[in-house]
*Asks:* 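Questions regarding the structure given below will be posed in turn.
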Amino acid sequence: MKRKVLVLEDEDSIRSFIVLNLKRGGYEVIEANSGELALDLYPQNTDIAVAILDVMLPGIDGYEVCRTLRTQGYAAGIIMLTARTQEADKVTGLMTGADDYVTKPFSVVELVARVDALFRRVAGNPFADDETIKSGPFKLNLRAREVQKNGVKIELTQIEYGILRTFMQNIGKALSRDDILEMVWGHHYVGELKIVDVNIRRLRLKIEDDPANPQYITTVRGYGYMWQS
Ligand code: CA
């Protein structure tokens, strides 16, 4: 997969700085200074691996761009750039289909590290064999990075796929939030454990028969989660 990143940021100085550092990191970069332009550019650049979306924009905001990309089925990893620190905003971002968020002011080194981590997950392991993992009604294809339930494909973000794969590779084993964070987000992730809960809440909505009474991703009280199927 191409090392191609979309940077949507309306402030020229911040955007240029991010672009410069991503190029140094070996990425091809597509730039947009508005949500409208980002959505216009996307159809010709569907091979974008990671999209960095600023939330606060004059027209269509970053959340709306994120939601639109997901609705249209784009599989890119998405990082939201938010100036706001309220927990609710982070949750809003993740619920719209983002994989990660970085709060302004941010360190560009950290941002590039997050892009690297997300890119590795999106690109996957090119040497993976065509193995599938089956568990109950679920079938996960490691090469296609695709999950089916009763033969029907489930649309997942990269992070949701990573979580599901981690669970299905550890059937019946209780995993702590720390375990999940490390296995899905990687050793160098510097965010909060809460991101695990938010993603699992969203994943349950997509895969459980009754998300209010989850039977596949069960909660291990005071510890974490366990896959049962
Ligand atoms: Ca902005």
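One-based numbering, in listed order, for ligands and for the atoms of each.
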*Asks:* Look at Arg15 together with Glu11 and state whether they make a salt bridge at an N to O cut-off of under 4.0 Å.
*Replies:*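 Not counted as a salt bridge, because no side-chain N and carboxylate O are separated by less than 4.0 Å.
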*Asks:* Assess whether a salt bridge exists between Glu9 and Lys104, defined as any Lys/Arg side-chain N lying under 4.0 Å from an Asp/Glu carboxylate O.
*Replies:*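 Lys104 and Glu9: salt-bridged.
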*Asks:* I'd like to know if Arg121 and Asp99 make a salt bridge, using a cut-off of under 4.0 Å between side-chain N and carboxylate O.
*Replies:*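 No salt bridge links Arg121 with Asp99.
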*Asks:* Using only N, O or S atoms, tell me which atom of Asp54 is closest to the Ca ion (ligand 1).
*Replies:*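 Asp54's closest N, O or S atom to the Ca ion (ligand 1) is named OD2.
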*Asks:* Between Asp116 and Tyr27, is any side-chain donor less than 3.5 angstrom from a side-chain acceptor?
*Replies:*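 Present: a donor and an acceptor within the cut-off.
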*Asks:* Is the distance from the Ca ion (ligand 1) to the nearest N/O/S atom of Glu11 under 3.0 Å?
*Replies:*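 Looking at Glu11, which is the residue asked about, there is no N, O or S atom under 3.0 Å from the Ca ion (ligand 1).
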*Asks:* What do you get for the angle at the Ca ion (ligand 1) between OD1 on Asp10 and O on Met56, to the nearest 10 degrees?
*Replies:*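 Once rounded, the angle between the two atoms at the Ca ion (ligand 1) is 90°.
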